[in-house]
J.: 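Below is a structure I'd like to ask you about.
A, B, ... follow the sequence lines: proteins, then strands. Residue 1 opens every chain. Note that the structure is a prediction, hence the values are computed from the model and not measured.
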Amino acid sequence: MIVLVNGKNTEVTSGCTLEKLCETIGIKANEPVAAAVGTDVIDRNMWDATILNEGDNVTIIRATCGG
Amino acid sequence: MNDNLVIAGREFSSRLFIGTGKFPSNEVMRQAIVASGSQMVTTALKRLNTQDSGSENILDFIPKECVLLPNTSGVRNAEEAVFAAKMNRAALGTEWLKLEIHPDPKYLLPDTRETLKATEELVKLGFKVLPYVQADPVACKQLEEMGAATVMPLASPIGTNKGIKNEEMLRIIIEQSNIPVVIDAGIGAPSHAAYAMELGADACLINTAIAIAGDPVKMAEAFALSIKAGRMAYLSGLGSVSNMAVATSPLTAFLDEEQNTIDNG
């Protein structure tokens, strides 16, 4: 099925969790990242319990340099 | 004497906050933060490039004892700011937040209406909100009443290095505020920062002036010294200003006596 990840159509397997998606992208355990499905920000300890649905809009951000 | 700055119950012995944008490298940034002695360091957030998630981890370059102050740069209104705040909290595990809403990319001036709206909401959600704001004394009092942890009025537009262009308004904000006043944006030289502190500001947030300096590490130290000097001067009580000369030595009496000697000789 297709989900939108940071605006890009991305193919994932049916029943894919947010945890699995982030692992596939290459996000490491200690990285300062956050993820939301739609406008719901999902705490990291809930990624594994968050099953993605067809057409979900996933936003993933990373802390970076800025003033 | 303990002159620590207290924000939302947390004590800071340094009154210099550092922004992490525009440094030539993360390592130079790390060295500059260390040289500055800062205990409050800002971060931003960006969308992860899903094709290339392997860039450096900013947290590896910020001393562990620093409080992280993530910002909401890039948002255009209160709704987006609340979303960005929640994302920051999830990414960094902190409730400290530099709220900045500046929809106009030319001058990056904060949107007062949206900043007030977002502050009210974020305080309810438990964030320690440090809003970047116009040097508007009325808005600053409203933010204080809403529960902002500080107000952070600009000195001049972000990244311009022009220094303090709104001194009278900053004076009123400082005089009226019951929460710390942090001068944010536009401070371009240590002399500007010292002057802000002499006016009674509680702290300064500096980014561009350090990051784009010829030697950012040395400049960070220069800012640390200037902020200490400005604070000390403020606490010491600056002398009054006069339009007429006021002699510092008994010159007249000395000349009179000499004149007498010549006359008598």
J.: Counting distance only, does the side-chain N/O of A/N6 pair as donor-acceptor with the main-chain N or O of B/L48 below 3.5 Å?
T.: yes
J.: In terms of heavy-atom proximity below 4.5 Å to chain A, should B/E100 be classed as side chain, backbone, both, or neither?
T.: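 Looking at B/E100, just its side chain touches chain A.
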J.: Is the number of heavy atoms from other residues, nucleotides or ligands under 6.0 Å of B/E27 CD greater than 12?
T.: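 Counting neighbours around CD of B/E27, more than 12 heavy atoms of other residues, nucleotides or ligands fall under 6.0 Å, so yes.
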J.: Only pairs of heavy atoms separated by less than 4.5 Å count here; which of B/S73, B/G19, B/G21, B/A91 has the most with chain A?
T.: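 Most heavy-atom pairs within the cutoff with chain A belong to B/A91.
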J.: Tell me the closest heavy-atom pair linking B/R47 and A/G7, and the distance in Å.
T.: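 Heavy atoms only, the tightest pair is NH1-N, 3.8 Å.
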J.: Could you state the interatomic distance from CZ (B/R89) to CG (A/D43), rounded to the nearest 0.5 Å?
T.: 8.0 Å
J.: How far apart are the closest heavy atoms of A/V41 and B/F83, and which atoms are they?
T.: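 That closest heavy-atom pairing would be CG2-CE1, 3.9 Å.
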J.: To the nearest 0.5 Å, how far apart are CG in B/N49 and CD1 in A/I60?
T.: 11.0 Å
J.: Which bit of B/K22 comes within less than 4.5 Å of chain A, counting heavy atoms only: side chain, backbone, both or neither?
T.: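 Neither the backbone nor the side chain of B/K22 comes within 4.5 Å of chain A.
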J.: Which residue out of B/I58, B/D184, B/N207, B/L205 racks up the most heavy-atom pairs below 4.5 Å with chain A?
T.: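 Winner by heavy-atom pair count: B/I58.
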J.: Donor-acceptor pair, distance only, cut-off 3.5 Å: does the side chain of B/T20 make one with the backbone of A/G66?
T.: yes
J.: Can you tell me how far OG1 of A/T64 sits from CG of B/N26, rounded to the nearest 0.5 angstrom?
T.: 8.0 Å
J.: Could you check whether any side-chain heavy atom of A/C65 comes within less than 4.5 Å of a side-chain heavy atom of B/T43, counting everything from C-beta outward?
T.: no
J.: Tell me the closest heavy-atom pair linking B/E56 and A/R62, and the distance in Å.
T.: O-NH1, 4.4 Å
J.: So which of B/L68, B/N88, B/L59 actually passes side chain to side chain contact (heavy atoms under 4.5 Å, CB included) with A/P32?
T.: B/L59
J.: List the atom of B/L92, the atom of A/A63, and the distance in Å for their closest heavy-atom pair.
T.: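 In this case the closest contact between B/L92 and A/A63 is CD2-CB, 3.9 Å.
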